[in-house]
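Beneath this line is the structure, given in structure tokens, with notes to follow.
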Amino acid sequence: MLERLEEEGFEAYVVGGCVRDSIMGLPAHDYDIATSAMPVETKRVFGSCRIIETGIKHGTVTVLYKGSCVEITTFRIDGDYLDGRHPASVEFSADLLDDLSRRDFTINGIAYSPLRGFCDPFFGARDITLKTIRCIGDPEKRFSEDALRILRALRFEAVIGFDIEERTRSALLAHKSDISLVSKERIFSELKRLICGKFAKRVIIEFSEVFAQIIPEIGAMINYDQGSKYHNSTLLEHTARAVEAAPEDSVHLRLAMLFHDIGKPLCRTTDENGECHYYDHAAISAKIADEALRGLKCENALRERVCEIIRLHDMPIENSERFVRRQLSRRGYELFCDIIRAEIADNSAKIPEAAERIPLLLDVLELAEKTDAEKTCVSLRSLAVNGNDLKSFVPPSAVMGEILSQLLEEVIDGKIENEKRVLLKRAREIFDSKK
Ligand code: ATP
Ligand code: MG
């Protein structure tokens with residue numbers, strides 16, 4: 001694609017994340033192109049491709065090329081930022097250096113073209129070697145222009161494990177309250193990526209104040225001594241460890257762990273031995289999470305899933321077929337597995353003795369997978385009889401529903417086989433006993 005623009009007399013480079021990732025030896029997941037061509041010229045050059053004019057005002061044209069979406073943006077100078085999140089205007093430029101100067105961090109300010117080589121005026125490649133996240137230009141100014149960059153810095157630390165350089169770090173802390181100027185959707189999108197990072201724990205601990213800016217209840221977790229023999233760290237540290245212990249690719253579990261104990265400071269009681277208890281903390285945490293996620297404009301299905309996991313995260317778990325079948329019937333396979341995974345993450349973040357429970361939880365998870373794969377009957381849908389089969393001797397009344405439910409319960413408990421003949425016989429018995 002770069003050649004096509006170059007053939008027409010324009011400069012064109014890949015920039016940003018894909019250059020950073022390829023220098024780091026990571027696969028690039030999307031390509032951004034910066035060019036001296038104006039948006040109308042880009043559209044002309046790629047006239048034969050499908051084009052989406054997503055950000056044309058800001059100079060961005062999305063081109064569908066060989067099955068993937070490539071964003072092509074004209075070299076740009078951002079005007080003044082008057083609201084802490086958007087430039088009031090943008091100006092197109094013929095100079096790549098202008099375009100690289102408006103970018104957030106040195107590691108994201110490298111351009112590459114096979115024809116022209118690397119352009120790295122802010123020494124981004126050096127910072128990649130140093131594993132450093134450093135603002136381009138004056139950090140104070142850069143964070144006051146767009147406070148989302150604060151979360152982007154934290155997200156890059158959490159995902160790629162680089163350290164934030166000292167001046168960048170103190171400027172972002174000084175500007176943390178400007179995050180309130182940023183749209184909730186942009187905040188939540190960065191937050192999700194941040195907590196899914198391989199290095200999320202250290203970022204949550206190191207920048208807890210920034211988190212408290214987004215979710216105020218996190219403030220009470222900082223330095224909070226849980227007063228419990230099961231815990232060897234503060235509530236915030238336990239939370240950060242639990243987040244990182246949940247699977248990286250599972251945003252709902254990571255969110256659930258972020259909030260799972262957030263209600264604890266609101267429901268602490270102390271017994272005669274000085275041991276602290278937190279009755280009902282799961283329900284209270286779920287309520288806080290529900291409100292926080294609504295505020296962050298989280299989509300409903302994700303919010304509901306996260307809150308269910310939090311509400312049930314300390315549920316007693318038994319390693320028995322009957323228990324697993326009952327749970328699958330009551331909660332469904334996905335939710336039940338999520339609850340166990342949350343308990344595994346929670347137990348990995350307590351004293352070492354708590355981790356001794358993990359093998360049992362893994363066994364239950366395996367049992368749930370097996371039960372689900374065998375299509376064992378756990379719902380009325382998979383019961384070998386339905387209302388039609390019983391209607392010759394049971395009138396279509398409330399009794400019908402009761403009989404079917406009782407049959408299902410007996411099948412789940414392993415008392416009878418899920419087999420039509422057996423179920424019909426048993427249905428008659430139940431019906432007769434009700435007469
Ligand atoms: P990834 O694609 O992994 O999220 P990325 O660095 O490509 O990482 P994008 O959001 O795709 O991030 O942005 C592409 C490039 O645009 C960045 O590398 C950076 O140069 C620039 N950029 C993005 N957001 C901002 C911002 N808020 N302020 C300044 N520059 C930004
Ligand atoms: Mg990108």
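Note that ligands are numbered from 1 as they come in the structure, with each ligand's atoms numbered from 1 the same way.
Using a heavy-atom distance under 4.0 Å as the criterion, the protein contacts of ligand 1 are G16, G17, R20, H29, D30, D32, R102, R103, D104, N108, D146, R149, R152, R155, F156, R193.
Residues E410 and D413 form no side-chain contact, since every pair of their non-hydrogen atoms from C-beta on lies 4.5 Å or further apart.
Salt-bridge check for E321 with R325: passed, with a basic side-chain N closer than 4.0 Å to an acidic carboxylate O. The pair E190-R155 counts as a salt bridge, with a side-chain nitrogen and a carboxylate oxygen less than 4.0 angstrom apart.
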Donor-acceptor pairs under 3.5 angstrom involving side-chain atoms of residues 107-116: please list them, not counting sequence neighbours.
residue, atom, partner, partner atom, Å
N108, OD1, R20, NH1, 2.6
N108, ND2, D104, OD1, 3.0
S113, OG, L115, N, 3.1
S113, OG, R116, N, 2.9
R116, NE, E6, OE2, 3.1
R116, NH2, E6, OE1, 2.8

Mind listing the side-chain donor-acceptor pairs of residues 361-372 below 3.5 Å, one per line with the distance, residues two or more places apart or on another chain?
residue, atom, partner, partner atom, Å
T371, OG1, L367, O, 2.6

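Partners of R4 according to the side-chain hydrogen bond (donor to acceptor under 3.5 Å, both in side chains) rule, which considers only residues two or more places apart in sequence or in another chain, do not exist here.
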